[in-house]
Number of protein chains: 4
Amino acid sequence: MAQKTAPDSTRRSERSRRAIYDAALALVGEVGYGKMTIEAIAARAGVGKQTIYRWWPSKSAVLLDAFLDLSEQASAELSAKAGLDEVATAIPDTGDLETDLKYVLRATVDEMINPKFDAPARALAAEGVVNEQLGREFLEKLLEPQLQLYVDRLRSAQERGQVAAHIDPRVALELWTGPLAQRWLQRVGPLTHEYADTLVEYALYGIAPR
Amino acid sequence: MAQKTAPDSTRRSERSRRAIYDAALALVGEVGYGKMTIEAIAARAGVGKQTIYRWWPSKSAVLLDAFLDLSEQASAELSAKAGLDEVATAIPDTGDLETDLKYVLRATVDEMINPKFDAPARALAAEGVVNEQLGREFLEKLLEPQLQLYVDRLRSAQERGQVAAHIDPRVALELWTGPLAQRWLQRVGPLTHEYADTLVEYALYGIAPR
Amino acid sequence: MAQKTAPDSTRRSERSRRAIYDAALALVGEVGYGKMTIEAIAARAGVGKQTIYRWWPSKSAVLLDAFLDLSEQASAELSAKAGLDEVATAIPDTGDLETDLKYVLRATVDEMINPKFDAPARALAAEGVVNEQLGREFLEKLLEPQLQLYVDRLRSAQERGQVAAHIDPRVALELWTGPLAQRWLQRVGPLTHEYADTLVEYALYGIAPR
Amino acid sequence: MAQKTAPDSTRRSERSRRAIYDAALALVGEVGYGKMTIEAIAARAGVGKQTIYRWWPSKSAVLLDAFLDLSEQASAELSAKAGLDEVATAIPDTGDLETDLKYVLRATVDEMINPKFDAPARALAAEGVVNEQLGREFLEKLLEPQLQLYVDRLRSAQERGQVAAHIDPRVALELWTGPLAQRWLQRVGPLTHEYADTLVEYALYGIAPR
DNA sequence: GGATAACCGAGACGGTACGTCAAGTCTTACG
DNA sequence: CGTAAGACTTGACGTACCGTCTCGGTTATCC
């Protein structure tokens, strides 16, 4: 375990961490990931470069943490606004799978379009494509939990006979997450609520005549 | 006109271009896109840096051209091996859509797994996520032609009543290209022939009980 | 009174001070003055950085004190070994100036050659050349007392008629301290006992034919 | 010969070199050697840092070259002013050693007092004390040639019987260069023309009664 | 004998400069 | 004129220390 004597996190400056997150998110939006530099983050955050290097191994790691923090805050806010005590952690289950999926997918589209999320998420996704280590972290911490919600919802639908018994939920969910991701990241087509609806219908009933 | 007196492409050195392509593809495989530098390409190709800057605006542009060149060569070779006079430009049409799609998707999986293609394609895809200009070019020159083949094949199937009339082929094809791309780029799950087959089945017949 | 509430020296840790001296002297010998850092001294001495900054204003001040301490110890030791109660504070006065000077200069050469003294003394001398404040302190605390001994001895010789009456002792002594210092610091030539002897002879009798 | 493929000096930018010399000399005077940084030299010279690192291994090496250049210019100017075709390369030889030495030593004192020379020369001397490699270069390129002039002049005097035959000129000259250097570098006393004269007299005729 | 103020070790912090790398531009000499 | 070579300015990299600033934890008097 030849670690470089890891820093003592109890003495960490909370104010610096917040400032770094804010600076990173602001910069990735303003100049893009490629031109975002650690020096610029440090300068904008009013922080020494070393303070960044002490706690993160790379630019992408900073941005990942900043984005995770942003996501947490955002979902906490959302839940608070909805008057809930706890953070919402599931896809709605009205009993009607099609309706529920369309609802969630429309929300997903909205998020993908929101520049506040788009810029950092896109940057992280891109970096993850090429940097396996980051990709796995991105997957594990952000994507996987979301995907699991679909798995749960699909199982519930299966129990009610709304999804065929032989279907593997883990594969099925990719019928809509895959296309959405592709339109988002590769700009293969416009990202609209209508598209989301169509996707749900095609996925549920197939494209072959019934 | 403030154009920088564009270079005269008739006097361009073919040998240099080839060497640059080879160097770029080799380097992206060896050190990855992020650590691939123009200087290294020039050095490895035995070429002056200016020769690269004269003909391409950026690292990603070089790699895109190199990869396009590689793709052309590869498909030419493939066609030649198959004893054909021309390059294959269509998805097989045996009359059975399911079989044909499975065939093509398995081939796609094989390509995605082949490191010779994976490294540069992945790098370009990643860069395209974040660099809109490059992304559009990547889409237009590489993805779109492939997608169009699916559109054609789906229309043919529609005519034969194997795909419901109300289905939009342009959206339908994303039911499999999307998930495949997601597994490839985001490592959401393993990329296998079985997965490709399952995808085709789900897409064709839906996940709801028939 | 904008004094920073000077620290209370009665509560000062003797053990820390000693450890700092030892560390400073060891380091200047091992890595040289330029590469000796306050952090390294603190680490090697097992001391917090603040403990150094509390008591000294700069790296050179630490080293100066460390060296003064070393000198005191050394001359105390020397005197003890000679069975004296007090520290020797004068140049021997056998009545023969030439002999006495040669004796002292040979001892000086020996000290200049001893690496234990050479490393820190050289570092301090160098720093003093460029840092007037330190230079003056070095001069006042180390050089001047030594030089005064020569003045005293020369006056004694003058009284006995061994040195011409019109000679200014304060200048005369530089006839040998100057050359010795130059050979030591600027490596203008080898530092040997023979050289010391020659110097004394030339200084006493001049270089013109008598 | 594991050199890092030394740069091609024929393509070197003369303008950059000059600007670097000027900047280094100006800075050493303004902020002192310790606070003079390579970055500041580069900035002041309007030059990239790499251009400095390409041609010199260290701050001291830059300053040494700058000072050598300054010295050359200065002595060329001096000779030109005196209406000479060539650079003066000897100590005057009027036949009277005492006069000639006093003349030269007074000029030396003037130079040591001139801040334009003092700042860089002092810095180099200090660095040379602690950095043997630089010290040797300083000695070889600057000091030694000066000292050799004294050797020549002394030999001439010896032939004429003005210096005793048994005297070693190489040692004798240190009787005045040593003290001068010590007063200059260690501030052991004031540097004046009178001091220079006294030194010559003591050195020539000794301090013992004749 | 318990409070309390200082020093102490440790080390995080905002900074500056380091020496290196590569970007993109410019100049030189060759074919 | 395109080219190989490579010096140039610029700017970011990741590291090392600077000197300042908490943070607990010992001492070490002083009530």
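None of these values were measured; they are calculated from a predicted model. Letters A, B, ... are given to chains in the order of the sequence lines, protein chains preceding strands, and every chain is numbered from 1.
Between the CD atom of D:E39 and the C1' atom of F:dA16 there is a distance of 14 Å, given to the nearest Å. Note: CG (D:L27) to P (E:dT16) measures 17 Å, nearest angstrom. A straight line from CD1 of D:I52 to C1' of E:dT20 spans 15 Å, rounded to a whole angstrom. One interatomic measurement links the two molecules: CD1 of B:I41 to P of E:dA22, which rounds to 12 Å at whole-angstrom precision. Atom CD1 of D:I20 is separated from atom C1' of F:dC8 by 11 Å (rounded to the nearest Å). A straight line from CD1 of A:I38 to P of F:dG14 spans 6 Å, rounded to a whole angstrom. The NZ-P distance, from C:K59 to F:dA16, rounds to 16 Å in whole Å.
Interatomic distance, OH of C:Y53 versus CD1 of C:I38, reported as 4.5 Å (0.5 Å rounding). To the nearest 0.5 Å, the span separating OG on A:S9 from CZ on A:R17 amounts to 10.0 Å.
The side chain of B:T51 contributes no N or O atom lying less than 4.0 Å from OP1 or OP2 of F:dG2.
Note on A:S16: only backbone sugar-phosphate atoms sit closer than 4.0 angstrom, heavy atoms only; bases stay farther off. Heavy atoms of B:S13 sit under 4.0 angstrom from primed sugar atoms or phosphate atoms, though from no base atom. Contacts of D:R54 with the nucleic acid, taken as non-hydrogen atoms under 4.0 Å apart, include base atoms. Using a 4.0 Å heavy-atom cutoff across all strands shown, C:W56 reaches no nucleic acid atom at all.
Taking only side-chain atoms of C:P7, from C-beta outward, the nucleotide of F:dG14, E:dC7, E:dC13 with the closest atom is E:dC7. With F:dC8, E:dC18, E:dA12 as the candidates, the nucleotide lying closest to the side chain of D:R12 is F:dC8. Considering only side-chain atoms of C:Y53, the nucleotide from F:dC13, E:dA22, F:dG19 that sits closest is F:dG19. Listed candidates were E:dA12, E:dG24, F:dC18. Nearest to the side chain of A:W55 is E:dA12.
Here the side chain of B:K59 pairs a donor or acceptor atom with the backbone of B:M36 at under 3.5 angstrom. Not one N or O on the side chain of D:T51 forms a donor-acceptor pair closer than 3.5 Å with the backbone of D:V47.
C:E132 is linked by a salt bridge (Lys or Arg N to Asp or Glu O under 4.0 Å) to C:R136, D:R187, counting only residues two or more places apart in sequence or in another chain.
A salt bridge links D:D69 to D:R18: at least one charged side-chain nitrogen sits closer than 4.0 Å to a carboxylate oxygen.
When each of B:M36 and D:K35 is assigned the nucleotide of DNA chain E with its nearest heavy atom, D:K35 is the one assigned upstream, toward the 5' end. Along DNA chain E, the nucleotide closest to C:G46 and the one closest to A:G46 are compared, and the more 5′ of them pairs with C:G46.
Residues B:F67 and B:L142 have side chains in contact (heavy-atom distance under 4.5 Å, counting atoms from C-beta outward).
No hydrogens or angles were tested; on distance alone, a donor-acceptor pair under 3.5 Å links the side chain of B:K49 to the base of E:dG24.
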Using distance only, find each side-chain donor-acceptor pair of residues 20-32 of chain C under 3.5 Å and give its atom names and separation, not counting sequence neighbours.
| from | atom 1 | to | atom 2 | distance (Å) |
| --- | --- | --- | --- | --- |
| C:E30 | OE1 | C:R44 | NH2 | 2.6 |
| C:E30 | OE2 | C:R44 | NH2 | 3.0 |

Where protein sits on nucleotides 22-31 of chain F, one letter per nucleotide: B base, S sugar-phosphate only, - none, heavy atoms under 4.0 Å:
B----BS---
